[in-house]
2 protein chains.
Amino acid sequence: MRLSAKGEYGVRAMVYLALNYRSGPIPLSKIALGENISQQFLEQIFAALRREGLIYSARGIKGGYTLAYPPEKICVGDIIRALEGPITPVNCLSEGKEEADRCTRADICLTRNVWERLRDHINYLLDNISLQDMIEGKFDEFIVNK
Amino acid sequence: MRLSAKGEYGVRAMVYLALNYRSGPIPLSKIALGENISQQFLEQIFAALRREGLIYSARGIKGGYTLAYPPEKICVGDIIRALEGPITPVNCLSEGKEEADRCTRADICLTRNVWERLRDHINYLLDNISLQDMIEGKFDEFIVNK
DNA sequence: TTAATCCTGAGTAATTTACTCGGCATTTAT
DNA sequence: ATAAATGCCGAGTAAATTACTCAGGATTAA
Ligand code: FES
Ligand code: FES
């Protein structure tokens, strides 16, 4: 149940961009330095974020990256899914989406419901924390009730 | 954010044991067959579960494994932690437990709170679903409120 | 023209995962 | 006493994934 470095770094970098929203494009070198992340590795991460439309890039001198949306419109879930694919605790949930290649045990499997619930919980939580929330440090309290 | 095969198989196997609670020791071969898991791999998993005190073993003919506690006393979180260690989305949370080797960025890190919250959510959820709940198929509904 | 930037694809070392293999130890049934 | 069914243990390994690096080209502003 761990995030990859890609996901972890990606979120940190996006927060960095959020802090500098409307300051023009931020070059990767600055982010890498500020967040203590390998610049070449960050390049890969930003390539993915760009492919997913979460950031814009500007080339050339005075170029860099900017958020594609205001910080309150981008959530942690978006970032992680862009970098790691669907957030799910077990494979047979995400794969079985098409009913065709559904896990053969799905009907008898007593654990499936648990993983589905866990998956939904995690996604819900991460989809309700925006970059803006993180910057302000005081996002809404989520309470889990029975 | 995926479970390892060890965790996934472990939970399945424990449910199997729960279904056969009070039927005497169940041999590994039977579980491996029933759940379609490599017996030798299951051996490793059960070794860990035993080390953590979640199951008892009985050797010799007519031997096998039994739950160390009734199914309503063992929860999914226990099993996964026994097999995969602490449930946490990022390392710098679990490592930093001792305050000594705490992540150096902890004080300035804007993402830390998110991971802490996520960690607590996951643990809470998994600690409130017991093997008995899984067998009965209708565990309590958890609702996440803002 | 130059320098700073992004962009791309390939390569790689280390780690982790998901196992397998071989053999010994214990217990019950005969 | 012996045999058979089990658990127990430590090592080994192939494949996959992770976390990067490397080399060089493309774009743009000064
Ligand atoms: S094993 Fe696929 S649904 Fe449980
Ligand atoms: S990087 Fe360690 S607390 Fe955020």
Side-chain angles (χ1 to χ4, degrees), chain A residues 1-13 17 20 23-68 80 83-86 89-92, chain B residues 1-13 17 20 23-68 80 83-86 89-92:
Chain A
M1 296 299 293
R2 304 270 157 102
L3 239 55
S4 68
K6 233 166 150 172
E8 199 184 330
Y9 293 169
V11 175
R12 298 235 307 268
L17 284 187
N20 293 278
S23 309
I26 312 291
L28 206 58
S29 53
K30 214 177 153 195
I31 308 175
L33 208 68
E35 290 291 328
N36 233 301
I37 300 171
S38 146
Q39 179 167 343
Q40 290 186 305
F41 191 28
L42 253 197
E43 260 171 24
Q44 282 189 99
I45 293 171
F46 273 58
L49 292 172
R50 196 177 95 92
R51 253 180 271 123
E52 298 295 323
L54 293 179
I55 54 177
Y56 294 141
S57 64
R59 298 172 101 170
I61 201 166
K62 279 292 168 193
Y65 294 93
T66 52
L67 294 184
I80 293 178
L83 296 172
E84 309 191 350
V90 296
N91 277 333
C92 54
Chain B
M1 298 298 293
R2 304 270 156 102
L3 237 56
S4 68
K6 233 165 149 173
E8 199 184 331
Y9 293 169
V11 175
R12 298 236 307 271
L17 284 188
N20 293 278
S23 308
I26 311 292
L28 207 58
S29 54
K30 215 178 153 193
I31 307 175
L33 207 69
E35 289 291 329
N36 234 302
I37 300 171
S38 147
Q39 179 169 343
Q40 290 186 306
F41 192 28
L42 253 197
E43 260 170 24
Q44 283 190 99
I45 294 170
F46 272 58
L49 293 172
R50 195 176 95 92
R51 253 180 271 121
E52 299 294 322
L54 294 179
I55 53 177
Y56 294 142
S57 65
R59 299 173 100 168
I61 200 166
K62 279 293 169 190
Y65 294 93
T66 51
L67 294 183
I80 293 178
L83 295 171
E84 308 192 349
V90 297
N91 278 333
C92 53

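Below, each value reflects all heavy atoms present in this structure, side chains not excepted, and no hydrogens, waters or symmetry copies. Labels below follow one simple rule: chain letters A, B, ... track the order of the sequence lines, proteins then strands, and each chain is numbered from 1.
Listed nucleotides C:dT20, C:dT26, D:dC22 differ in distance to B:Gln40; the shortest reach to its side chain belongs to C:dT20. When the nucleotides D:dC8, D:dC20, D:dG7 are ranked by their closest atom to the side chain of B:Arg50, D:dC8 comes out on top. Comparing atom distances between the A:Ser38 side chain and each of D:dA19, D:dT21, C:dT27 picks out D:dT21 as nearest. Looking at the side chain of A:Ile61, the nearest of the listed nucleotides D:dA26, C:dT27, C:dA3 is C:dA3. Nearest to the side-chain atoms of A:Tyr9 among the listed nucleotides D:dC20, C:dC7, D:dC22 stands D:dC20. If you check C:dA18, D:dC8, D:dC22 against the side chain of B:Glu43, the one that comes closest is D:dC8. The listed nucleotides are D:dA11, D:dC20, C:dC6; the one nearest the side chain of A:Gln44 is D:dC20.
The closest side-chain heavy-atom distance from A:Glu8 to A:Arg12 is below 4.5 Å. Side chains of B:Tyr65 and B:Leu49 form no contact here, defined as non-hydrogen atoms less than 4.5 Å apart.
Atom pair A:Ile45:CD1 and C:dC7:P shows a separation of 15 Å (rounding to whole Å applied). The interatomic distance linking A:Ile37 (CD1) with D:dT21 (C1') rounds to 16 Å, in whole Å. Regarding B:Asn91, its CG atom lies at a distance of 14 Å from the P atom of D:dT18, rounded to whole Å. Note: CG (B:Leu83) to C1' (C:dA18) measures 13 Å, nearest angstrom. Distance A:Arg51 CZ to C:dC6 C1': 14 Å, rounded to the nearest Å. Across the protein-nucleic acid pair, B:Arg59 atom CZ and C:dT26 atom P stand 5 Å apart, rounded to whole Å. The interatomic distance linking B:Leu49 (CG) with D:dC8 (P) rounds to 12 Å, in whole Å. If you measure from atom CD of B:Gln39 to atom P of D:dG7, you get 7 Å, rounded to the nearest angstrom.
Take the nearest nucleotide of DNA chain D for B:Gly64 and for A:Gly60: the residue whose nucleotide is more 5' is B:Gly64. Nearest-nucleotide assignment on DNA chain D puts the 5′-proximal partner with B:Ile26, out of B:Ile26 and A:Lys62.
Residue A:Ser57 has no polar side-chain atom (N or O) positioned under 4.0 Å from OP1 or OP2 of C:dT5. For A:Tyr65 and C:dT5, the shortest distance from a side-chain N or O to OP1 or OP2 is not below 4.0 Å.
Residue A:Ala58 is in sugar-phosphate contact alone, with no base atom involved, counting any heavy-atom pair closer than 4.0 Å across all strands shown.
Across all non-hydrogen atoms, the minimal contact from A:Gly53 to A:Ala68 is O-CB, 3.3 Å. Across every non-hydrogen atom of A:Leu42 and A:Ala13, the tightest pair is CD2-CB, 4.2 Å.
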Begin with the C-alpha distance, continue with both residues' side-chain angles, and end with the deciding distance and a verdict on side chain to side chain contact (heavy atoms under 4.5 Å, CB included) for A:Val90 and B:Arg2.
CA-CA 6 Å; A:Val90 296; B:Arg2 304 270 156 102; over 6 Å; no
